[in-house]
Amino acid sequence: KLILLDSLLQETLFTQRRMSDTDSDQDVIANLVNQAKKEASIHSFENDIGIEEESFYESMHKKVKKMNKKKRVVSKDGLTNVSYKNISKKRRRYISDLYTTLLDSSWSYCILMFTTSFYGSWLLFGGIYFLICYLHGDLMEDHLPGSGSDWVPCILETDGFAACFLFSLETQHTIGYGTRQTSTECPDAMFVVTVQAVLGCIIQAFMLGLVFSKMSQPRNRSKTIIFSNQAVITIRNKKLCLIIRIGDLRDDNFILGTQISAKLLRRRISLEGEVYQEMHNITINPETTSESCIFFVWPLDIVHVIDEKSPLYDMTEANLTREHFELLLVMEGTNETSNKTFQARTSYLPNEILWGHRFEQLQLYRQDNNKFEINFSAFHSTYEVDIPPHSARQLDQAERTRESGRKQMENSIREMMEKDRVNINNHSKTPKRPSFIMGEDRLTIASVSRANSNAKMKMSNNCLFDSSASTATA
């Protein structure tokens, strides 16, 4: 902007020199100033657009991180936010279960242990061989290879520590290049060779088994299991329901024995003043109690019906944000390829539950491909729906009141119909009499029936009005 204003100022001075009239000079200056303002506004608008785009992508990138920074037990990516302190004899207990400790360690530590175990064994036995050769006198100048003496060393073709290290490496991995080998002059060297062969097999079997077990663990399989960023509360089949969406990004690797469970974790204070963490199991659909597994072929809606047994039975839209709880969702299954069990987890806080929303549809059938297609771009998308802000208890009470009013109306209509039937039977048994016409009214059985039907309709309308009034009052 400064450079632009400087150039405009120079143009102004140049124009002033060429023009003599003062009014024309003022017009030129005004035009140049307006042009500078326009260009400055354009540049500021472009900068604002760039800032908005950067903030948008930054917000999308940091959304999960901001969620994980909140007070929660399980983060959005499934990691537990719990650390253990003051454990007595922790190292001794971990070393006693060394294999599990190494499996739970990081890959960098595992590779370091793998390399250290082999290099350590090579250096250790190389030093032992060097010590044996030194004590036997094989490293003296007169006894070295190529000196022309008839000296028989413990290990042939060794003249220092480097040769002993190479002999240790060849012995442990049975390479056998053919130049270095033990002789029968030193029983100590023969014994050490046998010990190294056995110990080398044990180290190789242990480390290779550890690496293979660590590679075959399907921990990263849970990375392709995604949960919706928010949970929604909506009306489904005349019931208030909490719905969470879960999906699998792999379409060629099914999950066997899928089991899903939901728990509500919140802090409670007992009548005696004791503070404890309450974990309440939540019934969901599809459930795994009646069936062994779930057919997880496309994204599923995990539905929790908020009924009398639900801990959310008294929760309304107004007090949802004031609640303090954490909804945990755990999915467990078996990987079809490796036949290993894995687990995926996530959690939802009250501010991550949307009241009066529904998820967008994902399934689409393509007739040209003769397949179902899943649009994962709308996996987290929701839209608002009009539902009452009342709790499930209040909705059930209103429904019960409405149902009782409907039953009363049906009973009254049934009684009136029964009375009409009795009156018709009584008229049919009496002898026929001529109808009397008085003015415009004629007293016949048909007129009596019409009067009764009109009275019945008035009665039903009154009942409907009473039931609706009672419902509105409730």
Side-chain angles (χ1 to χ4, degrees), residues 63-84 104 218-234 236 240-249 255 257-270 275-291 293-294 296 299-315 319-334 341-355 357 359 379-380 382 392:
K63 189 174 183 179
V64 177
K65 291 184 179 180
K66 290 181 180 179
M67 290 179 178
N68 292 334
K69 288 182 180 179
K70 297 177 181 179
K71 186 178 179 181
R72 62 201 319 156
V73 177
V74 179
S75 61
K76 297 297 289 185
D77 53 0
L79 299 177
T80 56
N81 192 22
V82 180
S83 61
Y84 297 155
D104 294 336
R219 288 187 175 180
N220 293 329
R221 182 65 177 90
S222 60
K223 302 297 182 181
T224 57
I225 304 299
I226 58 175
F227 300 89
S228 58
N229 292 331
Q230 289 90 13
V232 299
I233 293 179
T234 184
R236 178 176 288 188
L240 197 64
C241 299
L242 172 69
I243 303 176
I244 302 172
R245 179 169 283 178
I246 180 173
D248 185 10
L249 299 180
I255 302 174
T258 306
Q259 294 183 353
I260 303 175
S261 60
K263 301 178 184 300
L264 189 70
L265 180 64
R266 54 186 171 184
R267 188 180 179 184
R268 290 295 191 185
I269 300 176
S270 64
V275 180
Y276 64 97
Q277 297 292 335
E278 181 189 33
M279 187 173 292
H280 194 284
N281 292 326
I282 294 179
T283 58
I284 59 175
N285 186 27
E287 59 179 356
T288 58
T289 56
S290 59
E291 55 182 351
C293 63
I294 299 173
F296 196 10
L300 299 175
D301 289 342
I302 308 302
V303 182
H304 166 62
V305 180
I306 304 177
D307 52 6
E308 296 85 353
K309 299 180 181 179
S310 174
L312 308 176
Y313 192 55
D314 295 322
M315 185 182 64
N319 58 18
L320 174 61
T321 56
R322 296 194 299 266
E323 292 287 337
H324 297 282
F325 63 86
E326 184 175 357
L327 181 62
L328 308 178
L329 191 66
V330 181
M331 195 211 74
E332 186 174 353
T334 303
T341 303
F342 71 96
Q343 192 177 86
R345 300 176 292 267
T346 191
S347 65
Y348 297 92
L349 297 179
N351 56 2
E352 297 171 359
I353 300 175
L354 304 178
W355 189 286
H357 282 71
F359 285 111
F379 183 83
H380 303 284
T382 61

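What you see is a predicted model, and the numbers here were worked out from it, not measured in a lab. Heavy atoms only: backbone and side chains are in, while hydrogens, waters and symmetry mates are out.
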Pairing residues for E332 by the side chain to side chain donor-acceptor pair (under 3.5 Å) criterion, not counting sequence neighbours: none

Partner residues of S347 under the side chain to side chain donor-acceptor pair (under 3.5 Å) criterion, sequence neighbours left out: R72, E326

Those residues that, when tested against E323, pass salt bridge (Lys or Arg N to Asp or Glu O under 4.0 Å) (two or more places apart): none

Distance (rounded to the nearest 0.5 Å) between F325 CZ and I353 CD1: 4.0 Å

Qualifying residues under side-chain contact (heavy atoms from CB on, under 4.5 Å), relative to T234, sequence neighbours excluded: I243, R358, V385, I387

side-chain contact (heavy atoms from CB on, under 4.5 Å) partners for S222, two or more places apart: F342, A344

Side-chain touch I260/T258, heavy atoms, less than 4.5 angstrom: yes

Atom pair OG/CD1 of S261 and I284 - distance to nearest 0.5 Å: 6.5 Å

Which residues share a salt bridge (Lys or Arg N to Asp or Glu O under 4.0 Å) with R268, sequence neighbours left out: E278

side-chain contact (heavy atoms from CB on, under 4.5 Å) partners for L79, two or more places apart: S75, D77

Pair listing, salt bridge (charged side-chain N to carboxylate O under 4.0 Å, His left out) test, anchored in residues 224-234, at least two apart: none

Approximate separation, where rounding is to 0.5 Å, of S270 OG and Y276 OH: 6.5 Å

Set of residues satisfying side chain to side chain donor-acceptor pair (under 3.5 Å) with respect to K263, sequence neighbours excluded: N281

Residues in side-chain contact (heavy atoms from CB on, under 4.5 Å) contact with T224, at least two apart in sequence or another chain: R221, D248, L249, R250

Contacts of D104 that satisfy side chain to side chain donor-acceptor pair (under 3.5 Å) - sequence neighbours left out: R219

Side chain proximity check, I225 to I255, heavy atoms < 4.5 angstrom: yes

Close side-chain approach of V73 and T80, heavy atoms under 4.5 Å: no

Side chain to side chain, S228 and I244, heavy atoms closer than 4.5 Å: yes

pair K76-E352: side-chain heavy atoms closer than 4.5 Å: yes

Show every donor-acceptor pair shorter than 3.5 Å between a side-chain atom in residues 300-307 and any protein atom, with sequence neighbours excluded, or say none if there are none.
{"unit_1": "D301", "atom_1": "OD1", "unit_2": "R245", "atom_2": "NE", "d": "3.4"}
{"unit_1": "H304", "atom_1": "ND1", "unit_2": "T283", "atom_2": "O", "d": "2.7"}
{"unit_1": "H304", "atom_1": "NE2", "unit_2": "S310", "atom_2": "OG", "d": "2.7"}
{"unit_1": "D307", "atom_1": "OD1", "unit_2": "K309", "atom_2": "N", "d": "3.4"}
{"unit_1": "D307", "atom_1": "OD1", "unit_2": "S310", "atom_2": "N", "d": "3.4"}

